[in-house]
Amino acid sequence: MEEKILEKLNQVIENASSKYYHYPVAAMIECQDGTLLEGVNVETSSPQAGICAERNALFQAITKGYHQEDIKRVYLLNKTENIITPCFICRQALYDYCSPHLEIISFNNRKEKKVYSLKELCPNSFSEEDLK
């Protein structure tokens, strides 16, 4: 399964729009029903106006009616030797809409991977409970 995911991520990353910072990223959300939702980063000349691949994929899942319990894992790919993790804005969005036990699998350009849990990446996170 992961080989197919990685193959698909390598196709999707070609759609990333990274003309300003030259750091393309592809993300894929796997839902419990087997649906795969893709996202790429879209950079703009004003960094805050762009979007990361992770949030792009997450917001597609939300748009299609998926909820926290439906999202199984997130896959990431970048074109460097680094194994990346979601930025802090993406971590917050994932924490707000996914389980803290969400699995995040990140690949680099050498097909090496590292697996994280969202809770591991967000040990003292701000959540809906903090708003009460």
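- Linking ILVMFWY side-chain heavy atoms closer than 4.5 Å, directly or via other members, places Tyr95 and Val74 in a single hydrophobic cluster.
- Within the 4.5 Å cutoff, no side-chain heavy atoms of Tyr66 are placed close to those of Ile29.
- The distance from atom CG of Leu76 to atom CD1 of Ile105, rounded to the nearest 0.5 Å, is 9.5 Å.
- In terms of hydrophobic clustering, with Ile, Leu, Val, Met, Phe, Trp and Tyr side chains grouped at heavy-atom distances under 4.5 Å, Leu9 and Leu36 are assigned to a common cluster.
- Atom CD1 of Ile89 is surrounded by 12 or fewer heavy atoms from other residues, nucleotides or ligands within 6.0 Å.
- A distance of 13.0 Å separates CD1 of Ile104 from NZ of Lys119, quoted to the nearest 0.5 Å.
- In this structure, Ser99 and Gln68 have side chains that are in contact, with non-hydrogen atoms separated by less than 4.5 Å.
- To the nearest 0.5 angstrom, Ile62 atom CD1 is 11.0 Å from Asp70 atom CG.
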Evaluate salt bridge (Lys or Arg N to Asp or Glu O under 4.0 Å) for Lys111 paired with Glu3, printing each intermediate quantity in order.
CA-CA 9 Å; Lys111 297 184 179 182; Glu3 191 62 37; 3.7 Å; yes
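- Annotation: the span from Arg73 atom CZ to Cys31 atom SG amounts to 11.5 Å, rounded to 0.5 Å.
- Within the 4.5 Å cutoff, no side-chain heavy atoms of Asn108 are placed close to those of Asn82.
- Hydrophobic cluster membership is shared by Leu6 and Val115, with clusters built from Ile, Leu, Val, Met, Phe, Trp and Tyr side chains linked at under 4.5 angstrom.
- Contact record, Glu54 with Pro86: OE2-CA, 3.3 Å, taken as the closest heavy-atom pair.
- The closest donor-acceptor contact from the side chain of Asn10 to the backbone of Glu7 lies at 3.5 Å or more, if one exists at all.
- The shortest distance between side-chain heavy atoms of Tyr75 and Lys113 does not fall below 4.5 Å.
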Starting from the C-alpha separation in whole Å, work towards a yes-or-no answer on salt bridge (Lys or Arg N to Asp or Glu O under 4.0 Å) for Arg110 and Glu81.
CA-CA 7 Å; Arg110 294 179 171 177; Glu81 294 177 7; 3.1 Å; yes
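- Side-chain contact between Lys79 and Glu14 is present, with heavy atoms from C-beta onward closer than 4.5 Å.
- Looking at Ser106, its side chain never comes within 3.5 Å of a backbone N or O of Thr85 through a donor-acceptor pair.
- Atom CG in Leu118 sits 6.0 Å away from atom CG in Leu94 (nearest 0.5 Å).
- Contact detail for Gly50 and Thr44: the closest heavy-atom pair is N-OG1, 3.3 Å.
- Ile5 and Met28 get closest at one heavy-atom pair: CD1-SD, 3.9 Å.
- Between Cys87 and Cys52, the shortest heavy-atom distance links the atoms SG-SG, 3.8 Å.
- Nearest heavy atom pair, residue Val12 against residue Gly39, reads CG1-O, 4.1 Å.
- Closest approach of Tyr21 to Glu43, counting heavy atoms only: N-OE1, 2.7 Å.
- With values rounded to the nearest 0.5 angstrom, Leu77 atom CG is found 4.0 Å from Ile13 atom CD1.
- Side-chain atoms of Leu102 and Tyr97, non-hydrogen and from C-beta on, never get closer than 4.5 Å to each other.
- Taking a 6.0 Å sphere around OH of Tyr23, one finds it holds more than 12 heavy atoms contributed by other residues, nucleotides or ligands.
- Within a 6.0 Å sphere centred on CD of Glu69, other residues, nucleotides and ligands contribute more than 12 heavy atoms.
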